[in-house]
Structure formats: C-alpha cells, structure tokens
There are 2 protein chains.
Amino acid sequence: MTELDTDRKEVSISEFFDKNKQMLGFDSPQKALFMTVKEAVDNSLDACADSGILPEITVKIEELGKEKYRVEVTDNGPGIERSEVANSFGKMLYGSRFFKERQTRGQQGLGISAAILYAQKTTGFPTEIVTKVEREMTAFHFVLDIDIKKNSPHKISEIPEIWDTKSGLKITIVLKGKYVSGKQSVEEYVRESAIANPHTTFHLILPDKTVDIERSVDEAPQVPIAVKPHPHGVELGELVSIFKEYENQTIEEVLEDKFSRVTKQTAKSIVEKSKLKDKKISKLTRDDFEELMKAIKETDFMEPRKDCLSPIGAEPLFKSAINSFKEYHPAYFSQAVVRGPFVFSGHPFLVEAIAIYGGDLPKEDPIRVLRFANRVPLLYQSGSCAITRSVSSLAWNQYGFSQPVKDQLPIGPLVIAVHVASTKIPFTSEAKEAIATVPEIMDSLDLLLRGVARQIKTMRKKEAHKSQVAEKFALIEQILPQIAAKSSKILNLEPPDITPIISKVMGVVAFREIDGELFAENYTEKSHSFKVVLKGEGTFTDSVKNLKPFQKVKLNFSREIVSSSEIYVDLPEPILLGAYTLPKVFKDE
Amino acid sequence: MTELDTDRKEVSISEFFDKNKQMLGFDSPQKALFMTVKEAVDNSLDACADSGILPEITVKIEELGKEKYRVEVTDNGPGIERSEVANSFGKMLYGSRFFKERQTRGQQGLGISAAILYAQKTTGFPTEIVTKVEREMTAFHFVLDIDIKKNSPHKISEIPEIWDTKSGLKITIVLKGKYVSGKQSVEEYVRESAIANPHTTFHLILPDKTVDIERSVDEAPQVPIAVKPHPHGVELGELVSIFKEYENQTIEEVLEDKFSRVTKQTAKSIVEKSKLKDKKISKLTRDDFEELMKAIKETDFMEPRKDCLSPIGAEPLFKSAINSFKEYHPAYFSQAVVRGPFVFSGHPFLVEAIAIYGGDLPKEDPIRVLRFANRVPLLYQSGSCAITRSVSSLAWNQYGFSQPVKDQLPIGPLVIAVHVASTKIPFTSEAKEAIATVPEIMDSLDLLLRGVARQIKTMRKKEAHKSQVAEKFALIEQILPQIAAKSSKILNLEPPDITPIISKVMGVVAFREIDGELFAENYTEKSHSFKVVLKGEGTFTDSVKNLKPFQKVKLNFSREIVSSSEIYVDLPEPILLGAYTLPKVFKDE
C-alpha cells in the first residue's frame, strides 16, 4: 500500500514472479539451470508416486551457446490429460495439490511454470511438452509459453505424435543457464534425490559426463492419502471460517466431518464442555468460538494419521546411506531414527535422521548436513533452514565434537542426513530451499538430533574402549608369551607359567566384543560375581556368578543390543576394562 | 502441476499466502508481532518519503491476553484517500510501487495485507484504519478484513471521525503474538531503523518500557524519482515483450523512449549496427532480436541515474554510526564508503558500508553485521543474505582477524553496517528478510567490504605503531630523566646530560601523531634527509631536508589524511619508529 498515491493497479501473479524470479530460486544462470531440472524431476517423482509407478527419469542437458542450455526431462509417469496441459504448465497457482492435506513434493502450482516463464524471458523460447496417457493411442506434443499480464497459458501448437511408451511425459526447456559440476549442481541434486528415493532409477546425460543410478529398492512407496486437519493446531480465525462454510450443519457434525481424529463421542463432549448445545452455527459469537476453541484445546485426540505421510523409513534410509557413502569407508553408521507424527498448525509431520561417522570423511571441515523435505534434497539456503539451525544449536562439545563458534556447525568427520516429511512443509520461500523455523518442528528436530548425537557419542566411546582393550590383550596374548618364550630359550629353561604375571599386569575383569558377542574374562587373582547392564535404546541386564581367575564367560545379550549400548558393571573402576562402573543409582534397578 | 489428476483448481493469491504465512515472515507468534510492526512502520516511512514529510511514528504494543496483542502504529504521513483504503489494505498484490523503477521500502503490495490476514486468521479480529488527508475536513475510520477466496477487501464499516492532525494514518491490528525484548525484537528493529533513517523520530510504547528516539537530521532525504530500465541487463525475452507492446513505433523510438540512458544518437547507431534499419517491429524475428541484443550489449551507455536511489550517504551514515555505538566507546570508525550505482537485470543499485572497531565491543564473539536494504534493517535469515555471505567469504585472516571456520563470520570486536539500495531489491522471499546472492550484487559487496576491511587493518596497524611509539617516548620522556635525577641525587651530583643516552636507547627517527598532526623527530646521532609518503584513499608526499639530532619538524599533511593513511619513509627499517620503510617500487614516484 502507499498513502496518497493515485496510480494504483492490481498485479498478476505472473507479473509478480516475473519481477521476483529470485523468490522462485532463479537468481542466477547457474541457479536457474538447477531449478529447472529440479522442478521437472520433482514433478515426475510426484506423478509416479500418485500412480504407484516405479520411476525411471532421464535428465539431459545440452549446451546450445554461451549461457544457453536445453534441458529435457523424460519420465515413465502417467502423463497428463490433453485438456489440462495448458493450464497446468502455463498458469501460476493452478494445480491439484494445494488444497489437499497429504505429503507431496510440489504443492504450489508454481515451480514448473516459473521455469517456463524464466526461459521465455531470457531466451525467448517457448516450452515443449510431450504427454502420453495410457488410454490414448498417441502422445500429444504441445508448444506453449505464458501470457504474463493475464497469468494464462499461451498455446502455440498442439499436435499428435507417436511415442512408443505406455505413458509418460517429456518436457524441453531452453533457457539462459550456467552448467557447473560439484557442489550445488544438478548432479548433486540427483544423487541426493536417489538417497531419499531409493525406488527410482535416474539417467543423467550432462555436457561433461553421463551418470546412471539404478534403483536399490524394487517397491514403490505407499501412496500417501489425503487427511483432514487435526483439531490441535487450528487457529481461532481458521475455526470460524471452517464453520461459516457449513452453517446448515450442527456444530457436532462439522467437528466430526471436517476434522481428523474427532469421533461422534468427542464432538459431543466438546460441544457440551463449551456450553454450545443446540446453538446454531450462524448464531455463534466470537466469544462462543473462543469457548469452542478452549474446549478443543482441552480435549485429547489420537495422534494424527500416519498414512498421509511417506517417510523414507529407518531401514531404507540406513541402506541408502550405506550405499551412498561406501566410498568414504565410514567407521560406523548410527541407526536411522524416525520420530512422529507430530502436528503444527493442524498439519501432521515427522522427522527422521541417520548419522555417518569416520573413515575418510574430512576431519578438519564442518560436519556435513544433508537436508530433505518430502524426499526432496535441499541444496541452497542452508543457513536459514530449520534443519541446519537445529544441528548448529546442539551443544556439540557435549558429544565430543569441537564447535569453534556457538550456534555454528561443529568440526569433524560426520554426515547427518535429516528428512522432514509433512502434508505441508513450511518453506521460507516459493523456491522451497529452506524449512522455516516453526517452533514445533524445531522442537522435534532437537529431540531427534540429540538422539542421533548420543548414538554417535556412544559409538565413539565404545571405539575408544575397544582400542584400550585391544592394546591390553595384545600385551598378554602376544607380547608377554613371546618375551617368556624368548627369555626361557636364552636361559635354556622350560617356558614359565606366566598366568600370575598376566594377573599382575592386567589386574582386571575385561569385557570384550568378539563377533558381536560380549564376553567377560577375569584377569585378577580372585573370583568375582557381578551384574552387567547395557544401556542404549533400552536397558538390558545379565549377571555373572563366581567368575574364577582366567575364566571366560559369554554374556546373554543379542548382537544388536551389544553394538548399540554402553556397558556398565558393578565392579570398581580399577579392576574394570572395557566397561564403566555401574553408577549407584542404577544398582538396585 | 500434476500428471493425470483431474481435480485441479486455481488458487487465489490470498489463499496461497494464507497457507504459506511463513513466506511472508509470519512463522511464529514472535515473528508475527515483529512483522506486523515492521510492515506498518515501513509503509509509514515510504509514505512520508514520497511526500517529503519528516516522519514522526508512534508504535504502541499492548498485551490483551495470553499470546494476544494489539499493535497500533500512527504516523504523520500524507494519509490515504478514502476510495483507496479498502483495496490497498484488503487486497494482495495491489499497489502503486510495483511497476516503478525507484527505491522504496515496500514494492509488493503484500506486507500490510499479510498482517491483516494473519490477524483475522489467528484472533478473528478485523483491522482498524484511520486516515486523514490534508484536503479533507475529517478523518475516516475503516474496519475491514480480507475475503480470502476472492482476494478482495471485506469492508465492515467506514465512518467519519475527528482527528486533530494535518494528515496521517493510524492502523490497529489485534493478533496472536509473542512479545520479546533484545535480539530480533521490535525495539531492535526500530533502533536500527533510526540508524538508516536519521531524519525520523520514533516513539515506542512497549509492554515493558517506552523508548523515544529523536531525529538527528532535520532534512528529509530527496524523493527518489522513477527511471526506465537501463539497457544493460535487459534479457532477450524482456526485450521482445517491451518491443511487442509498441509495434506502431519505430525501433529507434522504442529504444530512446522506453530505456534509460539511450540518446537519439545511440538508438540510431544500435539500429545500424544490428542491420535493422527500416524494419517494422511487427516483422522482427527471434534472430533479429538476437542481433539487436548483441548491438545493445556492445554499446557503452552512461551509468544508470543515481537520483532513483536514496543512499543514506557517507556523512549521515558516519554520524548515525557514531551516535548509535557511543555506549561501546569504539576505538575507531572506518570512513563510510558509498559505491555505485551498478546495474543488475536493468535495475540500478548501490552499496554503502561503515565499520566500527574496538572499545567495549565483545572480543570473543563473531563480528556483528548490520544489514539494511533500502533503509530497512534486516534482522532475520542472515545466513542466506548476500550481505552476510559477502562478509563471511572474505579471507579475514589477511586483515588480522581470526576466522575459525572458512566462509563463516570472523571473531572480534567489530561491527559492519552495510546498506544495499536499489530500485528493485532481489529479496529471497516475500518476507523481505534476505537479499538474494545475485552475482552483480555479490561482486560489488565484495569490492566494498575489501575496502572497509583494509581500512580497519590500516587503523589497527597504526594503533600498534602508535603504542610502540608511545612506549619508547615514555621511556625517554619520563623514565630515563627520573632515573638520571634519582641517581644523581643519591650520588649528590648535578643531573647529567642524558641526550647521548637517549640517542643510544632510541636510535631512531620517530614519527608521532599529536592532535592529528604528524611530526618527525630525530633521535639518532646523525642528520637525515628523507621523503614521507602517506598511503590511504590516495597517495600524499612530503619531504624533510637535513633533520638534525634532537630536532623535531611538523609534516605538511592535513589531519584527515594523517588519520586514514599508513606512513612510509625512505629510511632503513632499523632507524624508523612509527612508520614503514618505503618499498623500493615507490621510491621514484
């Protein structure tokens, strides 16, 4: 608005984004090329997801001249109906996903139209789209661009074409761009996409190389279903506008029909609690709505439904992390952890993460954070993203990492991959590059990351313990016997019994992992009875009675528990090796 | 877009932003309160700027209940016409600034409508606006909110009201918010606004305190004028659409009329160069346009006009920096530097900066960066902003600062204030919190910041030199005479002549600043002739002939030059104090 200025006009959404390309991520030729590929690929993945098709996507980038590129993205998706092509591509804020509460990559009806707009503004070229749906005999080839002032498609031609495929879509865009490899490149985007979409095959034909990534999972993820808003997290004004839409129904009916997780029973009790029984919706005052809101807030509902979300899942995430980082030979992977669903503003969301540590990962650089939102890698705007901010705000020195500056990334050979899945990702801009720091999401990420950091800390501690144990055992199992043998040979005597010496040298009860099993070995001069407690995702206990000197016993824990827990024993610290003394507070557990 | 999905709809811009509040900066109650104040204040400053009024703005925040606040912003601006109130406040993407190439705070016609939308969705309250224009007898009091589905104003009432003011606007919004003080607060925003708008008086009535900031400059900045796009930076597609709009004119006429800095002469030569003479615009092919584009790129034009921009200016920026940071007693301020105008995508822009160093500024924290865009402080999304990114990407160790992690902020008692002014700030999102990393802007910021960092380095070096000189002089002027006096008293002798000792101890020609003047003093046993070169923003030279032992001479430089330059003298390093040896390459200058 402007005061006292008479030359006012309405602006079309296309005009707005034409002048604000950077909001859609098109701020430089390099970024534009990246965004064009990303929008096309995300659309392909969404379309395949909706139809339960295992995606196979080909991205081809050709250099046509200085800063002039042709991008062609072909998929085996369901294709798009002839009648919908023009609006879907040539009109901004047009689409099917906007009003639906379920997890998809695209939501806005902006992305691909933005790429078309940018192309026509920079090179003057219209966009070509070939679409084939299963029930039609032929494909159709469209050439179109956007009438910016009207925000409507400007169709140049539409002709049938033979395309020997069951169904699919091919889009060709000629734009001003800049091709780079390495960080924040098309290739990095596709490689990270493969981590988050292990069911997808990608073919990349780039100006300087070709890359093929085969799918590692042969099953398409379940199609996420659409849900109604969860009553917790709906704001007062929103409540009013939902009810105003259904003035002919009763309050109870609207509560039950228009919200998720509200049963007839709950609806009834909410209405009673708010003393609005028999009141007509049209007669409700603001005070009435405030009472209704209060009653809703005080009511417990079931958690939001999970089937509107499509997490990568702990096991596929673990597998794809191992697969993607094998070249670094990491020392270990944390378990992949999935938490949620939670709710913000009525939208369900969940978070999942995995950490990869050690090996050839760089030791002197800040740790690497891979960010994913609804299975889409986020490569830009990392500084303002909820994921990076959560990782940075952990007190990493508590987990054994150096963090030279508070609230900045710590240093170390660590990669953390974090995925936020929601029916509505709160992106900071239309370019969908960063997740806004919504308090509920920040809280759940904090919880998630603490868990992951704890796992890494445990694993590093165990590693240190292990090497301590290994050193001592090398001494008694190799060096001492060798010395004994050599000295006795020189003196021409029988090799002596070195067990008393070993007991002296060791003087400990040692705990050792061999092939994932945990063993206790007594290298003291006395017998011992003790309790062994493993603490990790849970607490597990075993006990040993009367372990004699030089006796060895296998403890009764599964490999899984041994590998992910810290070991506590109720023996005093000086005679323990490879375990901690059980703190007093746990002794009577 | 979505493939094979038949349930498609068009989305109104209000619906879009209702579901994407975070893109407009409303991602949490705290942020929402902040944004509401910011949008109202920015509008007031813009309106006053357009009318050449010295702004006086009152911001009042009252807590009405848990997370419920009333925000009231009152200005002495020109007011807004009755007939324009509803659309200006209740319709998104409506305004007067969008199509104009000149520097303003608001451009989008989104901000204040977003605040109204957020308020009605969270508390159900409509917004109240009182406006008085000079030529009307009474003010008018509006109550309105937004019809979201239609993106149109929903006016509840409009009544005349007595308001004893020449002109002005008052807006009252009741919203779900959270009031905080300190970092990223309303108060910080207003205090930084005062730095960038020294001609404005602010009154802040907050829940926990009141703050009054008087203007420090009594003249309103010049009203920036609107300009046409600069031919450099216009893209091919844009060129085509501009020409298509004026098909009845000749190519030369369109070039001259619709672009800035194109004279009749240049237009003629461009047309000749591109071999399009006598061709009609309607007959131009894509190839023709490419030729035309090439000819434009090869032509030199005058720099873009400066009068569409409103820099704070070196002197006011220096003054307001001194004023705002006096409580820290900084050791020194760099000069404020203004660079530009430059052009990106046809839009003129300039950059300006000042640095504040030392005193009580924290030594162990990352340096502080104050970011301003068109005189508006940016307090959020600093990580993705061109300004922060430019500052972080300098190699700060070259300038004497510790930078523990590459590409992150260095550590030290330093504040850098940076202002980007443009007819079109490329914000990363509608929330206008960060400037996109457009290559042209990044380049100019890099240049600007190197200059500022060099100044700080020079000043710190001079500081180190000064304390060296001071130490030595303390020795000869206080300690040696005292020792001589004491020892002679003990021995009951006359105090000896200590000049030979001083020459021995000093053995240098010393350069000392006293009250801004530069003096050379000879504390060696021989006479010297030498050249003195001061290097700062420029190079200045003086020379001294035959300076005898214990002789002192004032050099012929102005205070300004002395304070901002490094001192070089063509004497060998061992007999120099407070200056550097003049490098050989400069000796013959």
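Only heavy atoms go into these numbers, but all of them, side chains included; no hydrogens, no water, no symmetry mates. Reminder, nothing fancy here: chain letters follow the sequence lines and each chain counts from 1.
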All heavy atoms of A/Lys176 vs all of B/Glu235, minimum pair found to be NZ-OE2, 3.0 Å
Taken to the nearest 0.5 Å, the spacing of A/Lys21 NZ from B/Ser345 OG works out to 6.0 Å
Closest heavy-atom pair, A/Lys424 versus B/Asn20, reported as atoms and distance to 0.1 Å, is NZ-OD1, 2.8 Å
Applying a strict 4.5 Å limit to non-hydrogen atoms, the region of A/Glu290 in contact with chain B is side chain
If one checks every heavy atom of A/Val405 against chain B at 4.5 Å, the contacting part turns out to be side chain
### Query
Do the side chain of B/Gln22 and the main chain of A/Phe427 share a donor and acceptor less than 3.5 angstrom apart?
yes
All heavy atoms of B/Arg286 vs all of A/Pro126, minimum pair found to be NH2-CD, 4.4 Å
Okay, A/Leu239 and chain B: the region with an atom under 4.5 Å from a heavy atom over there is neither
Applying a strict 4.5 Å limit to non-hydrogen atoms, the region of A/Pro426 in contact with chain B is both
If one checks every heavy atom of A/Phe289 against chain B at 4.5 Å, the contacting part turns out to be neither
Taken to the nearest 0.5 Å, the spacing of B/Met442 CE from A/Asp27 CG works out to 10.5 Å
Okay, B/Glu67 and chain A: the region with an atom under 4.5 Å from a heavy atom over there is neither
Any B/Phe16 side-chain heavy atom under 4.5 Å of A/Ile13 side chain: no
message: Taking atom NZ as the centre, does A/Lys297 end up with more than 12 heavy-atom neighbours from other residues, nucleotides or ligands that are less than 6.0 angstrom away?
response: yes
Bottom line for A/Thr437: the part with an atom under 4.5 Å from chain B's heavy atoms is both
Turns out that what part of A/Thr123 lies under 4.5 Å from chain B's heavy atoms comes down to backbone
Turns out that what part of A/Lys178 lies under 4.5 Å from chain B's heavy atoms comes down to neither
Whatever's closer than 4.5 Å to a heavy atom in chain A on B/Lys406 counts as neither
Ranking B/Ser384, B/Pro404, B/Gly383 by heavy-atom pairs under 4.5 Å to chain A gives rank one to B/Ser384
When the 4.5 angstrom heavy-atom criterion is applied to B/Tyr380 and chain A, the contacting part is neither
CG (A/Leu236) and CD (B/Gln120) are apart, to the nearest 0.5 Å, by 11.5 Å
So CD of A/Gln381 and CD of B/Gln381: to nearest 0.5 Å the spacing works out to 7.0 Å
